[in-house]
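The block underneath contains the structure these notes are about, expressed in structure tokens.
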Amino acid sequence: MERPARLCGLWVLLLYAGRGGVAAPAESQPPVTNLSVSVENLCTIIWTWNPPEGASPNCSLKYFSHFGNKQDKKIAPETHRSKEVPLNERICLQVGSQCSTNESEKPSILVEKCISPPEGDPESAVTDLQCIWHNLRYMKCTWLPGRNTSPDTNYTLYYWHNSLGKILQCENIYREGQHIACSFNLTKVKDSSFEQHSVQVMVKDNAGKIRPSFNIVPLTSHVKPDPPHIKNLSFQNGDLYVQWTNPQNFQSKCLSYEVEVNNSHAETHDIFYVEEAKCQNTEFEGNLEGTICFMVPGVLPDTLNTVRIRVKTNKLCYEDDKLWSNWSQAMSIGQKANQTFYITTLLIIPVIVAAAVIVLLLYLKRLKIIIFPPIPDPGKIFKEMFGDQNDDTLHWKKYDIYEKQTKEETDSVVLIESLKRASQ
């Protein structure tokens with residue numbers, strides 16, 4: 001009996017030791033201390049903190065952080081974090097400490113620090129603040145005045161990017177209809193990482209009466225190239241060959257094209273979307289270095305054809321592919337119509353139409369008289385016969401009475417003379 005009892009006790013000890021050998025859950029570390037926030041440049045927000053007090057010496061501290069709504073989670077050993085954010089809204093960062101980079105590990109109590117938007121009436125801040133990088137040479141920003149602002153408000157635009165040593169002010173402010181605009185030089189730097197940065201922009205007034213408005217413009221988007229330049233148009237075997245050069249500062253692989261062909265005879269308006277245009281065909285003429293080529297099939301050579309081209313950036317090199325350049329200057333090829341013939345026709349046609357209208361009116365008037373002759377008015381006839389006499393009727397009536405009296409006098413004279421002769 002003693003031996004089974006000893007075996008049972010040994011089994012209990014082994015079971016207890018086995019359970020004690022399982023790693024206990026990691027304990028939560030104390031929270032970080034002295035969490036603070038500051039703003040550098042225009043829109044660079046920097047949070048800094050100190051390691052927690054009383055952390056386990058066997059713990060290799062890592063810091064778990066995220067923004068509001070648990071966005072942009074990050075686990076790193078650094079005691080700081082920065083982010084480019086427009087300061088138009090309240091922005092908060094929560095930070096906690098833990099001993100590993102495993103997201104499933106429960107961090108310490110999260111400490112939060114927020115930065116509030118600038119003071120002022122939100123309705124006074126400018127709206128629709130947008131910036132476009134034109135041909136990688138200058139940036140143009142436009143905005144609309146705020147609702148609660150005076151029409152004579154004097155605005156100021158400040159900008160900063162990584163290649164600048166300090167914040168600069170845009171001097172060239174002007175109006176474009178309802179919008180207010182400002183342009184400043186921004187040339188692409190040879191540094192390959194230049195386009196990976198952003199331009200920070202702030203607009204406010206000189207008097208400090210309106211609330212500042214911020215924007216961040218990534219240099220990989222909002223890029224608008226200049227129009228291309230058409231070099232040559234030619235016909236070969238019933239096809240139209242178009243050659244052009246790209247705007248400066250852009251590689252061909254980074255652009256997409258649209259070729260518009262207008263035919264004056266057929267009055268057609270065709271647009272061809274071109275992803276890749278190369279001058280590998282022997283039909284293309286001249287020096288093809290730096291030249292882009294495209295063949296438009298089935299174009300009539302005996303008519304006037306007008307060609308225009310525009311370009312935009314593609315997603316191979318840029319994030320944005322929606323900003324088209326303006327159309328290039330048009331170039332035409334083909335036979336022009338005889339302008340003298342059209343001018344003569346335009347002058348003769350109105351004369352012919354006017355003469356035809358006059359003849360037709362005269363003919364219709366005579367035709368109307370023949371078909372519909374005037375009907376006598378019976379009332380007028382009876383009135384002339386039995387009614388009041390007019391002047392002509394009275395004249396002829398007086399003439400008849402005079403003739404009658406003259407005849408009677410003549411007859412009486414003849415009768416008297418006859419009687420005298422008879423008495424003799």
Where the side chain of [X] meets the backbone of [Y], is there a donor-acceptor pair that is under 3.5 Å apart?
X    : Y    : result
T44  : N41  : no
N215 : L129 : yes
Q243 : L233 : no
S108 : S97  : yes
N246 : F250 : no
N88  : F214 : yes
W160 : G165 : no
E84  : C43  : no
W133 : K224 : no
N305 : T303 : yes

Evaluate H66 against L110 for side chain to side chain contact (heavy atoms under 4.5 Å, CB included), listing each step before the verdict. CA-CA 10 Å; H66 65 76; L110 297 179; 3.8 Å; yes
More than 12 foreign heavy atoms under 6.0 Å from [atom1] of [X]: is that the case here?
X    : atom1 : answer
Q71  : CD    : yes
E89  : CD    : no
R137 : CZ    : yes
K312 : NZ    : yes
I109 : CD1   : no
E112 : CD    : yes
Q329 : CD    : no

Minimal non-hydrogen separation, [X] against [Y], with atom names:
X    : Y    : value
P145 : T149 : CB-OG1, 3.9 Å
P30  : P52  : O-CB, 3.1 Å
I91  : P86  : CD1-O, 3.8 Å
W49  : E78  : CZ2-O, 3.3 Å
Y63  : T79  : CE1-CG2, 3.7 Å
P218 : S198 : CA-OG, 3.6 Å

Is a side-chain donor-acceptor pair under 3.5 Å present for [Y] with [X]?
X    : Y    : answer
T156 : N206 : yes
K62  : S60  : yes
R81  : S65  : yes
N102 : S100 : no
D226 : S325 : no
Q98  : Q29  : no

Straight-line distance of [X] [atom1] to [Y] [atom2], nearest 0.5 Å:
X    : Y    : atom1 : atom2 : answer
S256 : N314 : OG    : CG    : 4.5 Å
M139 : Y159 : CE    : OH    : 10.5 Å
F272 : E258 : CZ    : CD    : 11.5 Å
H222 : L323 : NE2   : CG    : 7.0 Å
Q94  : L35  : CD    : CG    : 10.0 Å
I292 : L255 : CD1   : CG    : 8.0 Å

Go through the steps to decide whether K140 and E176 satisfy the test salt bridge (Lys or Arg N to Asp or Glu O under 4.0 Å), and finish with yes or no. CA-CA 12 Å; K140 176 182 176 181; E176 288 186 344; 2.7 Å; yes
Would you check if [X] and [Y] make a side-chain contact, meaning some heavy-atom pair closer than 4.5 Å?
X    : Y    : value
L93  : K113 : no
M331 : T306 : no
N249 : N135 : yes
V296 : V242 : yes
Y318 : C254 : yes
Y174 : I180 : no
N326 : R310 : no
P122 : R211 : yes

If you draw the axis of the six-membered ring of F67, does the NZ or CZ of K83 fall within 45° of it and under 6.0 Å from the ring centre?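 The answer is yes, since K83 meets both limits relative to F67.
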Let's go through V37 and I45 carefully: what are the C-alpha distance in whole Å and the side-chain angles of both, what is the deciding distance for side chain to side chain contact (heavy atoms under 4.5 Å, CB included) to 0.1 Å, and is it a yes or a no? CA-CA 7 Å; V37 61; I45 307 177; 3.5 Å; yes
Stepwise salt bridge (Lys or Arg N to Asp or Glu O under 4.0 Å) test for K315 and D320: CA-CA 6 Å; K315 290 193 174 182; D320 190 3; over 6 Å; no
Can you check side chain to side chain contact (heavy atoms under 4.5 Å, CB included) on V307 and V259, steps first, answer last? CA-CA 7 Å; V307 180; V259 179; 4.0 Å; yes
Intermediate values then yes/no, ring-ring contact (aromatic ring centres under 6.0 Å, His included), F294 and W244: CA-CA 9 Å; F294 181 69; W244 68 88; 7.0 Å; no
Does F235 form a side chain to side chain contact (heavy atoms under 4.5 Å, CB included) with L240? I'd like the steps, not just the answer. CA-CA 5 Å; F235 283 113; L240 175 61; 4.1 Å; yes
Step by step, work out the side chain to side chain donor-acceptor pair (under 3.5 Å) result for S36 and T48. CA-CA 5 Å; S36 61; T48 59; 2.9 Å; yes
Check whether the SG atoms of C182 and C170 are less than 2.5 Å apart, and answer yes or no.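 Yes, disulfide present: SG-SG under 2.5 Å.
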Angle between ring planes, Y138 versus H134, binned at 30° and 60°: parallel, tilted or perpendicular?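 Aromatic pair Y138/H134 classed parallel.
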